[in-house]
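In each ligand, atom 1 is the first atom listed, and ligand 1 is the first ligand listed.
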Amino acid sequence: MSVFRDDFLWGGACAANQFEGAWDVDGKGPSVPDMCTNGSYATPKWITTSIHPDKLYPSHEAIDFYHHYEEDIALFAEMGFKTFRTSINWTRIFPTGMETEPNEKGLEFYDKVFDCCKKHGIEPLVTISHYEMPYALAEKYNGWASRELIDLYMNYCKVIFERYKDKVKYWLTFNEINSGTMPLGMVLSTGLVKGYEGPVNEAPDDKQGRFQALHHMFVASAKAVQYAHEHYPQFRMGCMICFITSYPLTPDPADVLANQKQMQITNWFCSDMHVRGEYPYYMKRFFAENGITIQQEPEDATILKAGVVDFYTFSYYMSNCITTHKDVEAVGGNIVQGAKNPYLKASDWGWQIDPIGLRYSLNEIYDRYHIPLMVVENGLGAYDKKSEDGKIHDSYRIDYLRAHIEQMAEAVKDGVDLMGYTPWGCIDLVSASTGEMAKRYGFIYVNKFDDGTGDLSREKKDSFYWYQKVIATNGEDLG
Ligand code: BGP
């Protein structure tokens with residue numbers, strides 16, 4: 001007997017700006033990621049203030065899901081997907097974010113995508129804003145630094161809610177909102193990039209601006225949730241957190257405390273805002289010690305309380321160690337760096353692989369909130385090489401996913417209410433952190449390379465057939 005519930009949402013996850021391409025087709029406007037060049041593990045990608053003809057911008061074509069969506073969704077269906085997590089490109093609907101009328105052609109595209117999902121019995125799970133905002137809003141308002149963004153985001157939400165009310169039930173307001181607690185969130189999510197051109201990891205950090213931007217995003221999220229609950233009671237509204245579990249590197253109480261602080265600021269702060277609808281007590285001291293003052297309107301507290309989410313989703317790739325000790329070996333990570341854990345191995349990109357940490361995280365989150373959880377990103381970014389038989393034998397990816405699903409099963413046995421699982425980049429796509437194609441996550445290989453070449457043809461990897469079996473047995477056969 002499977003431990004996962006009968007209606008468990010097995011599927012996969014992608015984001016519009018990382019796989020759709022067609023960046024200027026059918027009236028779409030440029031987004032912040034459309035201004036980002038390619039990079040690699042060693043060389044950071046850049047954000048530019050205009051498009052340089054001599055540079056490569058990977059989101060412009062990406063894997064061209066825009067023109068391949070029927071073929072791709074058919075492949076997802078063949079794997080047995082019950083759900084498909086994707087996002088809507090805000091700039092397809094409102095090219096600058098400031099129009100009064102939406103772009104009909106953009107709306108039609110998502111009609112076709114969601115209809116195609118329905119045809120295959122796949123439930124869409126839609127991220128409203130996944131690391132993508134109109135570049136015009138970054139230029140004019142310095143992104144979420146401005147309160148104006150709340151109304152503009154609401155205009156966008158109202159249009160897509162009404163248009164897709166019969167097609168989409170599950171919505172996530174912002175992808176990995178907590179990346180705004182870290183400097184990398186300047187470019188990725190808060191859009192504080194007005195006038196900045198240079199490597200994304202060197203954008204001058206504006207801590208005050210980031211936390212003010214987060215406040216605006218929390219209010220926007222809460223307003224969207226409240227509006228959805230009032231007008232579309234069938235909707236289920238969720239948050240999405242980049243959950244980076246960290247451990248104290250040593251039993252030194254100073255390390256334990258440092259880790260507790262780290263967990264509070266990077267993981268729990270944004271989670272608490274979404275689920276409990278108010279600033280947690282520990283932020284007062286953090287703001288005071290960091291010279292941060294949050295400008296709030298009198299109505300904000302009520303809005304935040306009224307717009308708490310129905311379910312909690314998160315990405316989980318790795319864990320980290322925190323220490324107060326000097327001279328320890330550092331490691332990389334998706335949005336946060338830490339100390340090397342001697343018990344774990346890391347991916348080729350330095351992300352420490354920790355399946356047990358997923359069970360631990362699921363228990364920690366569920367214990368705190370007691371609302372349904374979903375793992376909406378997980379996976380191994382790896383270099384895939386074709387074997388002599390011309391196929392991709394990605395046993396390393398299967399091993400990674402199997403180990404994580406095993407730990408999800410343990411968490412369910414622990415009593416955690418887990419709704420579903422959508423591994424990241426179920427079809428190869430552009431990496432968010434580096435802009436590479438070479439960092440592949442997919443069950444489906446796409447013939448597209450870092451230099452922009454490739455015929456975009458799709459091929460099934462070994463993991464495709466493995467995941468098909470996992471879904472068919474509701475997670476019982478992980479062999
Ligand atoms: C998450 C993002 C995704 C995705 C993933 C993998 O942080 O939500 O957009 O890209 O990480 O990261 P990367 O693409 O950098 O390997």
Side-chain angles (χ1 to χ4, degrees), residues 12-20 31-34 36-45 58-59 62-63 65 85-90 125-133 172-190 200-201 217 238-245 266-267 270 313-320 331-337 346-353 358 361 374-384 397 400-401 404 422-442 446 448 450:
C14 295
N17 80 83
Q18 291 172 254
F19 85 143
E20 281 180 5
S31 64
V32 170
D34 289 333
C36 290
T37 68
N38 61 341
S40 69
Y41 188 27
T43 319
K45 62 180 196 177
S59 73
I63 62 156
F65 176 77
R85 174 179 176 232
T86 188
S87 67
I88 294 178
N89 255 318
W90 188 342
L125 164 62
V126 173
T127 317
I128 297 169
S129 175
H130 188 129
Y131 287 167
E132 183 263 359
M133 73 159 72
L172 307 176
T173 53
F174 288 101
N175 181 63
E176 294 189 340
I177 190 166
N178 56 320
S179 63
T181 64
M182 290 159 261
L184 197 62
M186 293 280 292
V187 180
L188 272 182
S189 73
T190 56
V200 292
N201 56 352
M217 293 166 86
C239 62
M240 200 295 200
I241 302 289
C242 178
F243 206 85
I244 306 202
T245 286
T266 57
N267 295 316
C270 293
T313 82
F314 65 105
S315 60
Y316 180 88
Y317 291 92
M318 53 166 287
S319 68
N320 232 330
V331 282
N334 35 351
I335 55 174
V336 68
Q337 274 81 42
S347 77
D348 289 340
W349 277 261
W351 297 16
Q352 300 187 113
I353 301 169
L358 177 55
S361 305
M374 186 161 172
V375 180
V376 294
E377 285 186 33
N378 172 239
L380 181 70
Y383 295 106
D384 286 334
R397 181 168 293 108
Y400 177 102
L401 295 169
H404 285 79
T422 55
W424 174 249
C426 45
I427 180 165
D428 291 347
L429 40 61
V430 176
S431 158
S433 56
T434 65
E436 288 165 293
M437 270 308 300
K439 190 181 189 189
R440 296 174 183 272
Y441 287 87
V446 180
K448 177 77 195 276
D450 284 343

>> Contact between ligand 1 and Tyr441 is defined here as a heavy atom of the residue under 4.0 Å from a ligand atom; is it met?
In response: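 Tyr441: in contact with ligand 1 (<4.0 Å).
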> Can you find a non-hydrogen atom of His130 under 4.0 Å from ligand 1?
Replying inline: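 Judged by the 4.0 Å heavy-atom criterion, His130 does count as contacting ligand 1.
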Could you tell me whether a side-chain N or O of [X] sits under 3.5 Å from a main-chain N or O of [Y], the two making a donor and an acceptor?
| X | Y | answer |
| --- | --- | --- |
| Glu132 | Trp90 | yes |
| Ser179 | Gly185 | no |
| Asp428 | Val446 | yes |
| Lys45 | Ala432 | yes |
| Asn378 | Tyr316 | yes |
| Asp450 | Met437 | yes |

>> As an exercise, identify every atom of ligand 1 less than 4.0 angstrom from a heavy atom of Ser431.
In response: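 Those qualifying, in numeric order: 13 (P), 14 (O), 15 (O), 16 (O).
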> Hey, which atoms in ligand 1 end up nearer than 4.0 Å to a heavy atom of Lys439?
Replying inline: 13 (P), 15 (O), 16 (O)
Can you check whether [X] has an N/O within less than 3.5 Å of an N/O in ligand 1?
| X | result |
| --- | --- |
| Glu176 | yes |
| Ala432 | yes |
| Trp351 | no |

Which part of [X] is near ligand 1, with near meaning a heavy atom under 4.0 Å away: side chain, backbone, both or neither?
| X | result |
| --- | --- |
| Tyr317 | side chain |
| Tyr41 | neither |
| Ala15 | neither |

> Between OG of Ser315 and CD1 of Ile241, what distance do you get to the nearest 0.5 Å?
Replying inline: 9.0 Å
> Between CH2 of Trp424 and CD of Gln18, what distance do you get to the nearest 0.5 Å?
Replying inline: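 One finds 4.5 Å between CH2 of Trp424 and CD of Gln18.
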> To which of Met240, Gln18, Glu436 does the heavy atom nearest atom 10 (O) of ligand 1 belong?
Replying inline: Gln18
